[in-house]
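First comes the structure, then the notes that go with it.
When a residue number appears, it is its place in the shown sequence, counting from 1.
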Amino acid sequence: MMRRITLIVLATCVLLSGCAANDSYSTDTAGALQGRVLAVSEASAAGDPVAALAHLDELQASLLDAYGAGSVTKPRFDGITAAIELVRADLELAISQQVEVPKDEDKPDKPDEPDKPDRPDKPGED
């Protein structure tokens with residue numbers, strides 16, 4: 001599980017570097033998207049793929065808003081969207097592989113009974 005979370009964090013870092021301001025969008029838009037990516041990364045690093053997925057949804061909504069407002073170019077939008085989908089797939093896999101502990105395994109195992117020492121023979125018994 002930790003390896004998968006590490007991969008998710010690496011994927012979000014790649015996404016974060018893809019949010020740097022340039023001609024395809026403003027510094028303000030880049031900052032807003034980077035903040036969302038950071039939230040995804042932190043939740044992933046904390047081992048909480050459910051929270052990371054929720055933050056990823058917020059990132060995608062912010063990206064859609066920025067694109068709709070003309071603050072993000074089509075190529076940049078497509079690149080970030082592709083990265084979001086890769087991270088989403090990893091998070092959904094992590095969530096699907098989380099196993100709930102069955103009720104029977106909630107109880108601690110009973111310790112083994114200690115071996116009883118042999119009784120010494122009583123005089124006259126044979």
Side-chain angles (χ1 to χ4, degrees):
M1 181 67 136
M2 287 306 295
R3 182 173 181 260
R4 187 173 30 262
I5 296 300
T6 301
L7 291 175
I8 292 169
V9 171
L10 288 175
T12 54
C13 288
V14 168
L15 181 56
L16 180 60
S17 67
C19 290
N22 57 29
D23 293 340
S24 60
Y25 53 90
S26 71
T27 304
D28 290 341
T29 301
L33 295 176
Q34 287 173 341
R36 300 280 188 204
V37 171
L38 182 59
V40 173
S41 183
E42 288 174 344
S44 297
D48 190 349
V50 173
L53 190 58
H55 291 300
L56 193 66
D57 290 339
E58 293 169 1
L59 171 62
Q60 190 164 29
S62 294
L63 178 62
L64 285 169
D65 289 345
Y67 181 66
S71 300
V72 175
T73 64
K74 176 72 169 142
R76 178 58 71 184
F77 174 82
D78 290 344
I80 296 172
T81 298
I84 287 172
E85 292 310 312
L86 288 173
V87 173
R88 181 179 306 284
D90 287 344
L91 290 171
E92 288 172 349
L93 178 64
I95 291 168
S96 72
Q97 291 182 346
Q98 288 179 334
V99 179
E100 192 172 311
V101 178
K103 297 267 185 211
D104 293 337
E105 292 182 15
D106 286 347
K107 298 176 186 173
D109 292 335
K110 290 182 182 178
D112 292 333
E113 294 285 327
D115 292 333
K116 294 182 181 178
D118 292 332
R119 290 185 185 174
D121 291 333
K122 291 184 181 176
E125 288 184 8
D126 278 311

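- If you take CD on Glu92 and CG on Asp90, they are separated by 10.0 Å, rounding to the nearest 0.5 Å.
- Of all non-hydrogen atoms in Leu63 and Phe77, the two that sit nearest each other are CG-CD1, 3.6 Å.
- For the pair Thr29 and Val72, the tightest heavy-atom approach, listed with the atom from each and the gap, is CG2-CG2, 3.7 Å.
- Screening Ile80, Leu59, Ile84 for a side-chain contact (heavy atoms from CB on, under 4.5 Å) involving Val37 leaves a single residue, Leu59.
- Looking at residues two or more places apart in sequence or on another chain, you find a salt bridge (Lys or Arg N to Asp or Glu O under 4.0 Å) between Glu85 and Arg88.
- Sequence neighbours left out, not one pair with a member in residues 33-62 passes ring pair (Phe, Tyr, Trp, His ring centres under 6.0 Å).
- Nearest heavy-atom pair across Ser44 and Ala52 is OG-CB, 3.4 Å.
- Not a single donor-acceptor pair under 3.5 Å links the side chain of Ser41 to the backbone N or O of Leu38.
- The shortest heavy-atom contact between Val40 and Val87 is CG1-CG1, 4.2 Å.
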